[in-house]
> 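Before anything else, here's the structure in question.
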Amino acid sequence: MIAPMSKYPFSEIETKWQKYWEENQSFAVTEDESVPAEKRMYVLDMFPYPSGAGLHVGHPEGYTATDIYCRYLRMNGYNVLHPMGFDSFGLPAENYAIKTGTHPKVTTENNIENFRKQIKRLGFSYDWNREVSTHSSEYYRWTQWIFLQLYKQGLAYESRTPINWCDNCKTGLANEEVKDGKCERCGTAVVRKSIRQWVLKITEYADKLLADLDSVNWPESVKLMQQNWIGRSEGASVVFQIDGMDDQLEVYTTRPDTLFGATYMVVAPEHPLVGKLTRGEQKSAVEAYLEATAKKSDLERTDLAKDKTGVFSGSYAINPVNGKKIPIWVADYVLISYGTGAIMAVPAHDTRDWEFAKKFNLPIVEVLKSAVDVQEEAWTKDGIHVNSDFINGLNKEDAIEKMITWLEERKVGTKSVNYKLRDWIFSRQRYWGEPIPLVHCPTCGTVPIPEDQLPLLLPEVSSYEPSGTGESPLAKIDSWVHTTCPVCGGAAKRETNTMPQWAGSCWYYLRYLDPNNETEFVSKEKEQYWMPVDLYVGGAEHAVLHLLYARFWHKVLFDLGLVSTNEPFKRLVNQGMITSYAYQRPDKSLVPTDMVEEVETDVFVEKETGQKLERVIAKMSKSLKNVINPDEIIQEFGADSMRLYEMFMGPLEVSKPWATAGLNGIYRFLDRVWRLYEERTITDDEPSKDLNKTLHKTIKKVTHDTSTLNFNTAISQMMVLVNELYKVQEFPSVIAETLVKLLGPYVPHIAEELWEKLGHKDSLTKVSWPTFDEKLTIDDEIEMVFQVNGKVRDKQTVSKDMDKASALAMAKESEKIQQWIEGKTIVKEIVVPDKLVNIVVR
RNA sequence: GCCGGCGUGGUGAAAUUGGUAGACACGAUAGACUCAAAAUCUAUUGAGCGCAAGCUUGUAUCGGUUCAAGUCCGAUCGCCGGUACCA
């Protein structure tokens, strides 16, 4: 890294102003009723998990963006709420505790300390008085309280379902925590295990969560991802009688119109009827199959299992439309967690069913007129119905409607809606989380802890090791587990599960509004003053889970009348990832950065072998040694450079590679700004016409681009102004002051310092944003382009608003143009005022 | 596979409604200053041809619409992110 030659004393300046803002409480905000509702803004960052690794360069990106926006809003007279806190429950601290015996609270609070210091060093304008940490008992008291409200609404229930089990962490994982069939945290392959879990009925809100996506200003891609995740589909549930039994098998299908093509059925291995369906000589085969699938992880059941497996149960079902007996199979390509865990298979028109039918020689019947031979491949597109009795000749829509009517008349099926969304497994067998505030009483059943007894504190334990039985470390503390029932006073046991990390982040934006309230989770007045969040900025990795869970809790609170808006986040912006360069061998393997040498510009070789490497873009990772540490950057270039560089790299929403070389350019710019005020004479004169025009254009562009979060182009324009100022020896103070105001939100430390040097006593944070005169931004001379057949052949400077006829005449007078049209026939003449003339010739 | 996003100089990137492609910055080259270097300043910098004026070409590839396409439409290729047999 090339340390810059330090000209401007950024280190001194930054320390000075950070201290000033803190001492003067410059960013503390109150609910000032004199500010009208439309001038109140709530700008929120996704709060970080305080990991031991400290701040990553990705964090300051979003934080700088919101900081610029907030400072800009304040200068425009807004009352801005801009808080920060920590999502401080989570596995890494607990895993560290298991390894070292250090209490997670100690680790976590050290990390928070470090994070806070690192964040403050960047000079963000947070109201630190509102800081919250999800692991503090004053905070999780209310997380527990909200859980109890959900519980009392019947939205929490216990369930024994097969869950993902990590043998290494000795704990259950939600589906969301499994990546590629492996434990997201430790990488161990996940197996299935049945365990008692608390589950939240998010599916009850599926329709609202889906419908209200229409009302928020979010990126379309995020809305679409949530839509797909909720996965609403319309179809029918159909009841199949089992041959020779009283039992029935219910299936969900989106294509009831293909019922005549259903030639067999499949139930998931976990289906409750499997035992009953298994007959005679199939018994041992089915049992063997069940045993084999139970051992399989999700990985093997999905990714690796291109080959369909299954076993015949020995039973048959009756197809309700034609009375035919069709075999019932058990196969793990049917999931117990979706629909009813059983399907009717239509192999002619479904690829999965077709593969299965081929493998096990099951009949394939065409019911949609196909362009291919369905014995050779499945036809999954539309077609007119055939071999289907009363719906023959109908199209898809009509056939579905007619079939549902037919099924409903005979009471063997109904129209039904299904969701991919599953209920949310809410308990964790962990220590470092909010204890679930419930008691199990032998006489009264499950009893909530009275609200006035919250928080239910996390007890001290001697060992953080999971019990290994699937229970949390809390289960091992007898004195904590044994309690009395709040209802009958008899002996009872505490719930030992804790909540997932998502719980704390589901409502932190509400606690910021009123962080010290001891009687309510948030007061009504404060909630109504600020909500909803006007702008929420964070990483795209939270597009589905965090945002869906938070919306769910918010909607429950809304239905209970506890919050005033039905959606929490009005506008969402995802910042792009900051990536890094990595170096790739011809075989596509990556080389750690410290093993690479740049032999000439953009030519890279591997030090050891001399082999030529290609520079590619990759995520920052420890193994590639391409992680950038913000502390080092601030040390060498200053916080202002760091902030400005991250914003100058490119648009906020896209991912972009970090290049420390680019930082030099930004540092140089700030140094130039500094020297401008040090070395040039600032006069009381009126600005020259040209400079004044650049000034007003700059105010206009910076104003517009800052309000739309297009920071990179705003910065370019400020560079243009500074370049102009360098061409003159002295410039008027109105320009000097305006430039400092424009820079203020972007590089607040140097701007404050320059503001003070210009003789101002008050902080720049109290100053109004500059205004521009539209008239002064308009050029009165324009370079007009003359084209022949769409190609530029001449350019001339003309006065603005020249009429079409004169522009055309001028073009035709041009010698250069005459050369190109001479001897040709003019077919068409196009004049775009103040832009161009295009003469089309043949 | 499916869903979403994106392909513009050596590099990061600009380009309100289709109207001068490459603003701004990095890097590079040359020069000034200096004993020298750094820093700073000035100039040049998409590619090709040309002494020059200038010409040709150029926004992943191919095709289309249009007086005019980075921008609109169709196909193909590549990269990134999400997801996983969802009946």
Side-chain angles (χ1 to χ4, degrees), chain A residues 2 4-7 180-181 219-225 227-229 231 233 235 251-255 258 266 298-299 301-303 305-306 308 331-335 337-346 350-353 355-356 418-422 540-541 543-544 576-577 579 581 600-603 615-619 645 648-651 653-666 668-669 671-672 675 704 710 712-720 723 726 783-792 795 816 827-830 832 834-841:
Chain A
I2 313 129
M5 183 81 169
S6 180
K7 282 268 175 63
D180 298 328
E220 283 307 312
S221 62
V222 174
K223 288 200 210 178
L224 203 69
M225 277 162 79
Q227 241 171 55
N228 293 342
W229 190 267
S233 69
V251 302
Y252 170 76
T253 176
T254 52
R255 295 300 299 270
T258 61
V266 184
D298 265 1
L299 178 67
R301 282 180 69 158
T302 58
D303 280 23
K306 298 287 176 219
K308 297 267 181 296
D332 63 7
Y333 82 92
V334 171
L335 308 175
S337 51
Y338 183 75
T340 60
I343 61 153
M344 61 176 222
V346 184
D350 181 283
T351 319
R352 295 154 300 174
D353 295 344
E355 284 167 4
F356 192 82
N418 214 349
Y419 298 94
K420 265 161 71 171
L421 184 69
R422 297 176 205 163
E541 66 273 20
V544 178
M577 206 187 334
T579 53
Y581 289 117
E600 55 187 278
T601 308
D602 291 320
V603 180
R615 189 169 80 173
V616 295
I617 286 167
K619 280 188 197 174
Y645 174 61
F648 186 62
M649 284 168 81
E653 298 88 345
V654 307
S655 79
K656 15 186 199 275
W658 180 276
T660 302
L663 198 54
N664 279 321
I666 287 297
R668 203 176 292 168
F669 168 69
D671 194 46
R672 273 163 71 81
R675 282 185 286 122
H704 177 262
N710 292 111
N712 54 331
T713 47
I715 296 165
S716 298
Q717 185 59 41
M718 290 191 268
M719 289 174 168
V720 170
N723 288 346
Y726 257 84
E783 190 173 59
M784 188 165 253
V785 168
F786 299 148
Q787 298 179 326
V788 177
N789 286 352
K791 289 200 168 150
V792 180
K795 296 174 187 179
K816 285 174 187 161
V827 191
K828 203 166 181 177
E829 290 158 342
I830 292 117
V832 182
D834 294 335
K835 285 258 161 67
L836 56 78
V837 175
N838 186 13
I839 298 170
V840 184
V841 296

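Chain A is the first sequence line, chain B the second, and so forth, proteins listed ahead of strands; every chain is numbered from 1.
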> Within the side chain of A/Tyr333, is there an N or O that forms a donor-acceptor pair under 3.5 Å with the backbone of A/Phe356?
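Between the backbone of A/Phe356 and the side chain of A/Tyr333 there is no qualifying donor-acceptor contact (under 3.5 Å).
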> Heavy atoms under 4.0 Å, any strand shown: does A/Asn723 hit a base, just sugar-phosphate, or nothing?
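The residue A/Asn723 makes sugar-phosphate contact but no base contact.
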> Quick check for you: among B/C86, B/A14, B/G82, whose closest atom lies nearest to any side-chain atom of A/Pro651?
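Closest nucleotide among those given: B/A14.
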> Taking the side chain of A/Lys420 as its heavy atoms from C-beta onward, which of B/C86, B/A14, B/G19 lies nearest to it?
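Closest of the options to the side chain of A/Lys420: B/C86.
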> Can you figure out which of B/A87, B/G19, B/C86 approaches the side chain of A/Leu836 most closely?
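Minimum distance to the A/Leu836 side chain belongs to B/G19.
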> Quick check for you: among B/C41, B/C85, B/G19, whose closest atom lies nearest to any side-chain atom of A/Arg352?
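My answer, after comparing the listed nucleotides, is B/C85.
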> If a pair means Watson-Crick or G-U wobble with both distances below 3.5 Å, what does RNA chain B look like in dot-bracket form, with | marking bases paired to a different strand?
(((((((..(((......[....)))((((((.......))))))((((....))))..(((((..]....))))))))))))....
> Measure from the side-chain heavy atoms of A/Phe648 and tell me the nearest of B/C86, B/A87, B/C24.
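Given the options B/C86, B/A87, B/C24, the side chain of A/Phe648 is closest to B/C24.
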> Looking only at the side chain of A/Lys791 (C-beta and beyond, no hydrogens), which of the listed nucleotides B/A87, B/G19, B/U57 gets closest?
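Comparing B/A87, B/G19, B/U57 against the side chain of A/Lys791, the answer is B/U57.
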> Within the pair A/Tyr252 and B/A87, is there a side-chain N or O less than 4.0 Å away from OP1 or OP2?
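For A/Tyr252, the contact criterion (side-chain N or O under 4.0 Å from OP1 or OP2 of B/A87) is not met.
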> Name the closest nucleotide to the A/Tyr726 side chain, picking from B/C41, B/C24, B/U20.
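For the A/Tyr726 side chain, the nearest candidate turns out to be B/C41.
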> Starting at CG of A/Asn710 and ending at C1' of B/A13, how long is that distance when rounded to a whole Å?
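A/Asn710 atom CG is separated from B/A13 atom C1' by 13 Å.
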> Which part of the nucleic acid, if any, lies within reach of A/Asn838 when heavy atoms closer than 4.0 Å are counted: base, sugar-phosphate only, or nothing?
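Contact class for A/Asn838: base.
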> Write down the distance between CG (A/Asn228) and C1' (B/G1), rounded to a whole number of angstrom.
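Between C1' of B/G1 and CG of A/Asn228: 15 Å.
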> Which of the following nucleotides, B/C41, B/U17, B/C86, is nearest to the side chain of A/Lys835?
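Looking only at side-chain atoms, A/Lys835 lies closest to B/U17.
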> Is it the case that the base of B/U20 and the side chain of A/Glu783 share a donor-acceptor contact (distance under 3.5 Å, atom types as modelled)?
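Side chain to base: pair found, below 3.5 Å.
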> Would you indicate whether the side-chain heavy atoms of A/Val841 and A/Asn789 approach each other to under 4.5 Å?
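A/Asn789 vs A/Val841: side chains touch.
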> So what does A/Lys223 hit on the nucleic acid, given a heavy-atom distance under 4.0 Å: a base, only sugar-phosphate, or nothing?
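The residue A/Lys223 makes no contact with any strand.
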> Quick one: which of B/C67, B/G54, B/A13 gets closest to the side chain of A/Lys816?
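The answer is B/G54, which lies nearest to the side chain.
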> Over 60° means perpendicular and under 30° means parallel, so classify the ring planes of A/Tyr645 and A/Trp658, tilted if in between.
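Correct class here is perpendicular.
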> Taking atom P of B/C86 as reference, at what distance in whole Å does atom CH2 of A/Trp229 sit?
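Spelled out: CH2 on A/Trp229 to P on B/C86 is 14 Å.
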> Heavy atoms only, 4.0 Å cut-off, all strands: where does A/Val832 land among base, sugar-phosphate and nothing?
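Contact class for A/Val832: base.
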> Verify, without hydrogens or angle tests, whether A/Lys816 (side chain) and A/Lys795 (backbone) share a donor-acceptor contact under 3.5 angstrom.
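Looks like no, no N/O pair under 3.5 Å.
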> Can you see if the side chain of A/Arg672 gets near the phosphate of B/C41 - specifically, an N or O under 4.0 Å from OP1 or OP2?
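Yes, because at least one side-chain N or O of A/Arg672 sits under 4.0 Å from OP1 or OP2 of B/C41.
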> Looking across every strand, which nucleic acid part, if any, lies under 4.0 Å from A/Asn789 by heavy atom: base, sugar-phosphate, or nothing?
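Nothing: the residue A/Asn789, judged by heavy atoms under 4.0 Å, touches no strand.
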> Classify A/Leu224 by what it touches in the nucleic acid, base, sugar-phosphate, or nothing, heavy-atom distance under 4.0 Å.
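Contact class for A/Leu224: sugar-phosphate only.
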> So if I take every side-chain heavy atom of A/Met225 and compare against B/G82, B/G19, B/C86, which nucleotide ends up nearest?
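Of all the options, the side chain of A/Met225 is nearest to B/G82.
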